[in-house]
S.K.: 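Encoded as structure tokens, here's the structure I'll be asking about.
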Amino acid sequence: MDKKAGKQDIVIIGAGIVGIAVAACLCEAGRTVLVIDRQGICEGTSSGNAGALAFSDILPMASKGVLAKVPRWLMDPLGPFTIRPSYLPKLTPWLIRFWRASRTDALARTVQAQGAMMRLAEPEMLGLMQRAGIRHMVREDGSLELYESEEELNASLPGWNARRKAGIAFEHLRGEELAASQPGLASRFVAGTFVPGWKTVSDPQHVGKGLWNYAERLGASFLRAEVASVSADETGAAVRLMDGRRIEAAKLIIAAGAWSHRLAKDLGDAIPLETERGYNTTLPVGAFDLKRQLIFSGHGFVVTPLETGVRIGGAVELGGLALPPNYRRSEAMLTKARKFMPGLETGCGRQWMGYRPSLPDSLPVIGYARTSKNVLYAFGHGHLGLTQSAATGRLISDIIGGRDPAIPIDPFHPQRF
């Protein structure tokens, strides 16, 4: 590419699952798209997530059930929710917003917005995968959330009642029904909740690459490069790369995950995005005969059957982008999984850490930058990037195409904070 290339139609910064889904949706609408990323297609956080299409996950992280557990969790540096002590001063403003998002009225608005997003997300994602020729990568086995006591199950009931009101089907299991749903569990689990509509994918990175292949067939192109800064005016937008190149575009979309807020600052938006550092270990195929994704909510991790192995991961470590990984967190989850699933073979695992882009109210930012109608944001999906990627693509395509968005987007407004 020349030092100054000709103006592009649409440039997307970020080749994670959200950026790729946005690219595919825009290409379907007849737009010409260039995607820029410093790595490759779904080589970052989108490569190592738990692989869930969590269409029933409408409760924000700031729900009262989570807040009640946080003090106990924070006592364990390897537990489900931890904050690096050196990072706490920088994190405090985000934590205050997180606490405000737990208020009853705020939670109700968030659940309503997430419910609408999920009702859009399921048909959009399954439809996009069908058109891309990768619908076979979806597993429709449901999920099983597990409890070690009746008290733990009872504490979860308000959340399940909120899901029932949203039309989400589920069933509480005990005894033989629980054992049949997932043989080989430790006897410490006395109950479980089966969600039949929960879906997983064969491998999240394979899904991302499959969607990219589809976008590429429709004319999308990719540039491996690191972005230094962005700018915009009334005529369009521009991206300056670290190597000095400048790329101009009629429209720019920032979908760079946990790094997106740094670029938003160039455009006058101070978006309180933080990084949930997630860890996992992927064991070889056959390490355990998993029937479906298992959710150990009291311990903050899940176990997922993938075509590439058995993935054990989750937890939340708030520590930003610069601190080194603490893989003892992966090892702690693996140790617990061995206790919970006594037949689990734990050798030859691959450890991984990724950066979830998290906003205090658990809703993404989707919409225009403060200073320009030529720049749109599509980031901050937290744990739900895979799940909500195609819905985000649909909404961005609607906005750019001058159509009314498929759902109200005010709850996702970038300037809501």
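All values below come from the heavy atoms of this structure, side chains included, with hydrogens, waters and symmetry mates left out.
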S.K.: Has S389 got a side-chain atom pairing as donor or acceptor with L386's backbone, closer than 3.5 angstrom?
M.R.: yes
S.K.: Return yes if some donor-acceptor pair links the side-chain N/O of K251 with the main-chain N/O of A249 below 3.5 Å, else return no.
M.R.: no
S.K.: Would you kindly say whether R311 and T304 are connected by a side-chain donor-acceptor distance under 3.5 Å?
M.R.: no
S.K.: Donor-acceptor check, side chain of Q205 to backbone of C42, threshold 3.5 angstrom: yes or no?
M.R.: yes
S.K.: Can E248 and R246 be said to form a salt bridge (Lys or Arg N to Asp or Glu O under 4.0 Å), step by step?
M.R.: CA-CA 7 Å; E248 297 183 352; R246 175 183 167 90; 3.3 Å; yes
S.K.: Kindly indicate whether the side chain of L107, heavy atoms from C-beta on, has any atom under 4.5 Å from the side chain of P60.
M.R.: yes
S.K.: R277 side chain to G320 main-chain N or O, any donor-acceptor pair under 3.5 Å?
M.R.: yes
S.K.: Do any N or O atoms from the side chain of D9 and from the backbone of T32 form a donor-acceptor pair under 3.5 angstrom?
M.R.: yes
S.K.: What is the minimum heavy-atom distance between P305 and V303, and which atoms define it?
M.R.: CD-O, 4.1 Å
S.K.: Quick one: do the H206 and E307 side chains pair a donor with an acceptor below 3.5 Å?
M.R.: yes
S.K.: Using the rule given for side chain to side chain donor-acceptor pair (under 3.5 Å), can you reason through Y147 versus T193, listing the C-alpha separation, both sets of side-chain angles and the distance that settles it, and then say yes or no?
M.R.: CA-CA 8 Å; Y147 312 98; T193 303; 3.1 Å; yes
S.K.: Within 45 degrees of the ring normal and closer than 6.0 Å to the centroid, is that where the cationic atom of R97 sits relative to W94?
M.R.: no
S.K.: Near Q112 CD, under 6.0 Å, is it more than 12 heavy atoms from other residues, nucleotides or ligands?
M.R.: no
S.K.: For a side-chain contact (heavy atoms from CB on, under 4.5 Å) check, start with the C-alpha distance between L306 and T200, then their side-chain angles and the critical distance, and finish with the verdict.
M.R.: CA-CA 8 Å; L306 303 175; T200 55; 5.9 Å; no
S.K.: Check whether D269 reaches the backbone of A369 with its side chain - one donor and one acceptor, N or O, closer than 3.5 Å.
M.R.: no
S.K.: Within this structure, what is the CZ-OG distance for the pair R31 and S397, rounded to the nearest 0.5 Å?
M.R.: 8.5 Å
S.K.: For E317, which of R328, R84, R356 qualifies under salt bridge (Lys or Arg N to Asp or Glu O under 4.0 Å)?
M.R.: R84
S.K.: How far does OG1 of T275 sit from CG of L318, to the nearest 0.5 angstrom?
M.R.: 8.5 Å
S.K.: Using modelled atom types and a 3.5 Å cut-off, is there a donor and acceptor pairing between side-chain atoms of D266 and backbone atoms of V230?
M.R.: yes
S.K.: Is the backbone N or O of D141 less than 3.5 Å from a side-chain atom of R292, with the two atoms forming a donor-acceptor pair by type?
M.R.: yes
S.K.: Does M333 form a side-chain contact (heavy atoms from CB on, under 4.5 Å) with T281? I'd like the steps, not just the answer.
M.R.: CA-CA 8 Å; M333 287 184 283; T281 302; over 6 Å; no
S.K.: Any pair with a residue in residues 345-384 that passes ring-ring contact (aromatic ring centres under 6.0 Å, His included), sequence neighbours left out, goes on the list, sorted by first then second residue, please.
M.R.: W259-Y355, Y377-F379
S.K.: Is any NZ, NE, NH1 or NH2 atom of the basic residue among R103 and D105 found under 4.0 Å from an Asp or Glu carboxylate oxygen of the other?
M.R.: no
S.K.: Suppose we screen for side-chain contact (heavy atoms from CB on, under 4.5 Å). Which residues come up paired with R224, at least two apart in sequence or across chains?
M.R.: F222
S.K.: Got F98 and E274 here, is their nearest side-chain heavy-atom distance under 4.5 Å?
M.R.: no
S.K.: Step by step, would you call F301 with I312 a side-chain contact (heavy atoms from CB on, under 4.5 Å)?
M.R.: CA-CA 7 Å; F301 72 92; I312 299 163; 3.9 Å; yes
S.K.: Report yes if some heavy atom in the side chain of L223 is under 4.5 Å from a heavy atom in the side chain of L241; otherwise report no.
M.R.: yes
S.K.: Does any non-hydrogen side-chain atom of E276 lie less than 4.5 Å from one of F81?
M.R.: no
S.K.: Can you measure from CE (M118) to CD (E124) and round to the nearest 0.5 angstrom?
M.R.: 14.0 Å
S.K.: Mark yes or no for whether R164, through its side chain, and W160, through its backbone, hold a donor-acceptor pair below 3.5 Å.
M.R.: no
S.K.: Determine whether the aromatic ring centres of residues F340 and H299 are separated by less than 6.0 angstrom.
M.R.: yes
S.K.: Look only at the side chain of D233 and the backbone of G236, and say whether a donor-acceptor pair between them is shorter than 3.5 Å.
M.R.: yes
S.K.: Not counting sequence neighbours, which residues clear side-chain contact (heavy atoms from CB on, under 4.5 Å) with A332? List them please.
M.R.: L78
S.K.: For a 4.5 angstrom cut-off between non-hydrogen side-chain atoms, does R135 reach L126?
M.R.: yes
S.K.: Using the side chain to side chain contact (heavy atoms under 4.5 Å, CB included) rule, pick out the option among P325, P324, S330 that qualifies with M353.
M.R.: P325
S.K.: Please test Y279 against Q351 for side-chain contact (heavy atoms from CB on, under 4.5 Å), starting from the C-alpha separation and ending with a verdict.
M.R.: CA-CA 7 Å; Y279 293 82; Q351 292 180 329; over 6 Å; no
S.K.: Would you say L128 and E28 make side-chain contact, with heavy atoms under 4.5 Å?
M.R.: yes
S.K.: What distance do R163 atom CZ and I58 atom CD1 have between them, rounded to the nearest 0.5 Å?
M.R.: 7.0 Å
S.K.: Taking R240 first and then E226, would you say they form a salt bridge - that is, a charged N and a carboxylate O separated by under 4.0 Å?
M.R.: no
S.K.: Given side chains that start at C-beta, do those of T82 and V316 come closer than 4.5 Å, heavy atoms only?
M.R.: no
S.K.: Between D361 and R416, does the salt bridge (Lys or Arg N to Asp or Glu O under 4.0 Å) criterion hold? Intermediate values first, please.
M.R.: CA-CA 11 Å; D361 58 4; R416 68 183 184 269; 2.9 Å; yes
S.K.: Of the non-hydrogen atoms in Q114 and S362, which two are nearest, and what is the gap between them?
M.R.: NE2-O, 3.0 Å
S.K.: Can you name the nearest heavy-atom pair linking R217 to A132, along with the distance?
M.R.: NH2-O, 3.4 Å
S.K.: How about F55 and K199: do any of their side-chain heavy atoms sit closer than 4.5 Å?
M.R.: yes
S.K.: Working note: R394 + E122, criterion salt bridge (Lys or Arg N to Asp or Glu O under 4.0 Å); need CA distance, chi angles, decisive distance, verdict.
M.R.: CA-CA 12 Å; R394 167 67 186 276; E122 184 164 7; over 6 Å; no
S.K.: Determine the sole option in N49, L363, D57 for which the side chain to side chain contact (heavy atoms under 4.5 Å, CB included) test with L384 is passed.
M.R.: D57
S.K.: How many angstroms lie between CE in M137 and CG in L53, if you round to the nearest 0.5 Å?
M.R.: 12.0 Å
S.K.: Please report the closest heavy-atom contact between E152 and L146, naming both atoms and the distance.
M.R.: OE2-O, 4.2 Å
S.K.: Return the minimal non-hydrogen interatomic distance between A169 and P196, and the atom names on each side.
M.R.: O-CD, 3.5 Å
S.K.: Which heavy atom of V35 sits nearest a heavy atom of A15, and at what distance?
M.R.: CG1-CB, 3.8 Å
S.K.: CZ of F288 to CG of L185: how many Å apart, nearest 0.5 Å?
M.R.: 6.0 Å
S.K.: Salt bridge or not for D398 and R403, using N-O below 4.0 Å?
M.R.: yes
S.K.: Are a donor atom and an acceptor atom from the side chains of E145 and Q293 found within less than 3.5 Å of each other?
M.R.: no
